[in-house]
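Here the structure is laid out as structure tokens; the discussion comes afterwards.
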2 protein chains.
Amino acid sequence: MPPAATEPLTPERILETTEEVLRRYGPTKATVVDVARALGVSHGSVYRHFPSKAALREAVTDRWLGRTVGRLEEIAAAPAQPAPAKLEAWLEALFEAKRHKAGDDPELFATYGVLLAENSGVVEAHLEQLVAQLGRIIGEGVAAGSLAAADVPAAARAVFDATGRFHDPQYAAEWRSPTIVAEFEAVTALVVRGLRA
Amino acid sequence: MPPAATEPLTPERILETTEEVLRRYGPTKATVVDVARALGVSHGSVYRHFPSKAALREAVTDRWLGRTVGRLEEIAAAPAQPAPAKLEAWLEALFEAKRHKAGDDPELFATYGVLLAENSGVVEAHLEQLVAQLGRIIGEGVAAGSLAAADVPAAARAVFDATGRFHDPQYAAEWRSPTIVAEFEAVTALVVRGLRA
DNA sequence: CCGATGACAGATTTCAATATCTGTCAGTCC
DNA sequence: GGACTGACAGATATTGAAATCTGTCATCGG
């Protein structure tokens with residue numbers, strides 16, 4: 001990894017390199033010194049752009065999570081699909097996204113887990129975004145008469161909580177079980193049925 | 001804690017003392033030597049009755065979990081209560097039991113968490129008992145026409161999975177949140193509605 | 001005999017010394 | 001003058017040696 005000394009040091013470049021370093025070493029081994037070395041600068045320079053290691057970790061994870069939220073947003077915003085089907089599609093996409101992140105990008109997934117344990121605001125914001133998307137889908141369904149919910153935000157939260165086993169990183173180890181898809185479908189069916197008008 | 005050297009050494013007496021020792025020191029600090037000392041015998045004698053420390057831990061946890069299962073069984077077996085109400089009562093009793101165990105008996109609760117992490121058969125059996133009780137309640141409801149489920153065991157498992165946030169020890173820290181009861185009620189209502197005929 | 005013991009080997013844990021890391025900042029260099 | 005450096009203090013992590021623990025078993029005492 002030869003240092004590319006000539007380019008200017010920007011937050012963006014730092015984030016990209018930090019992501020690589022996290023991917024290579026994982027959240028427990030990666031250090032700010034490693035990131036600085038990969039960038040060919042002193043670690044003091046990194047602190048000029050990010051106030052702490054935690055802030056750096058959060059910024060990387062935020063970007064990483066943002067990519068998934070974008071894809072889910074497309075499903076939530078898709079026009080002219082009945083709300084119950086959209087809800088199922090969205091939940092399945094969420095499960096698939098988390099499962100693939102856990103499998104394909106284990107070190108960044110572990111970083112996400114660290115932030116969760118730290119009660120980082122980034123993760124909280126991410127979860128709120130997801131619940132808000134759910135709320136919009138459910139709201140649509142209620143407006144169209146295909147779903148019933150007295151309190152839409154509370155219903156969205158309840159759906160999110162009830163499906164936690166399929167998106168909460170604490171359960172990542174179980175996502176390799178051969179029965180997990182059947183379990184996911186059973187819970188999803190139960191929850192969607194519970195919302196039907 | 002004076003050693004009572006005269007009484008005969010029985011598995012029952014070992015279990016009682018082990019429970020005390022676990023409660024006092026917690027699963028990470030308690031040793032077989034501690035148990036033997038509390039009993040006034042050598043640790044070799046303990047191994048005459050239990051083949052390993054893990055077996056001892058499991059036996060104690062099994063007893064401890066069994067007490068809860070017994071109380072839940074009473075609810076599940078209660079005659080002449082409509083299945084939906086019984087289901088709600090059972091889920092609430094499960095949540096309350098786990099919550100109180102986590103709060104009042106933190107060290108034994110931590111022991112339970114250790115077994116969970118070890119994939120101990122005892123915990124698996126405990127969970128299966130609980131799901132079986134759920135299955136009986138749902139089966140009753142289906143027979144009486146108040147609930148609908150194509151596959152009763154699968155529905156029972158789905159209800160158990162969907163309410164995991166309120167009985168899985170991984171979430172114990174969140175059970176102190178002031179909003180947890182509202183969240184529990186929302187998920188329970190959603191799930192029970194999803195099963196209604 | 002039969003339950004109990006305690007010495008033992010190998011595994012695990014503890015602890016303190018050492019090394020590394022995080023975050024700061026006075027000073028350097030372009 | 002503003003981006004960058006590198007030395008530094010305090011916090012955290014690593015390491016390896018010593019202590020403790022688990023599980024076994026030859027032996028003891030009633």
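Throughout, protein chains are lettered first and strands after them, A, B, ... in sequence-line order, and every chain is numbered starting at 1.
The side chain of Ser52(A) has dG23(C) as its nearest neighbour among dA4(C), dT14(C), dG23(C). Among dG23(C), dT22(D), dA4(C), the nucleotide with an atom closest to any side-chain atom of Val32(B) is dT22(D). When distances are taken from the side chain of Lys29(A) to each of dT5(C), dT14(D), dT22(C), the shortest belongs to dT14(D).
A sub-4.0 Å separation between OP1 or OP2 of dA4(C) and a side-chain N or O of Ser42(B) is absent. Considering only side-chain N and O atoms, Lys53(B) lies nowhere under 4.0 angstrom from the phosphate OP1 or OP2 of dT20(D).
Rounded to whole angstrom, the span from the CG atom of Leu56(B) across to the C1' atom of dC21(D) amounts to 14 Å. Protein atom CG of Leu9(B) is 13 Å distant from nucleotide atom C1' of dT5(C), rounded to whole Å. Atoms NE2 (His49(B)) and P (dG23(D)) sit 16 Å apart, rounded to a whole Å. dC21(D) atom C1' lies 19 Å from atom CZ of Phe50(B), rounded to whole Å. dC25(D) atom C1' lies 11 Å from atom CZ of Arg48(B), rounded to whole Å. Across the protein-nucleic acid pair, Arg37(A) atom CZ and dT20(C) atom P stand 11 Å apart, rounded to whole Å.
Using a cut-off of 4.0 Å between Lys/Arg side-chain N and Asp/Glu carboxylate O, Glu19(B) and Arg23(B) are scored as salt-bridged. We find that Arg99(B) and Glu96(B) are joined by a salt bridge, their nearest charged nitrogen and carboxylate oxygen being less than 4.0 Å apart.
Take the nearest nucleotide of DNA chain D for Thr28(A) and for Pro51(B): the residue whose nucleotide is more 5' is Thr28(A).
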Inset, instruction - Check the pair Thr31(A), Tyr25(A) against side-chain contact (heavy atoms from CB on, under 4.5 Å), reporting the backbone distance first and the verdict last. - result: CA-CA 9 Å; Thr31(A) 73; Tyr25(A) 298 109; over 6 Å; no

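Between the side chains of Tyr171(A) and Lys98(A), no donor N or O sits under 3.5 Å from an acceptor N or O.
For dG23(C), the base has a donor-acceptor partner in the side chain of His43(A) [N/O atoms by modelled type, under 3.5 angstrom].
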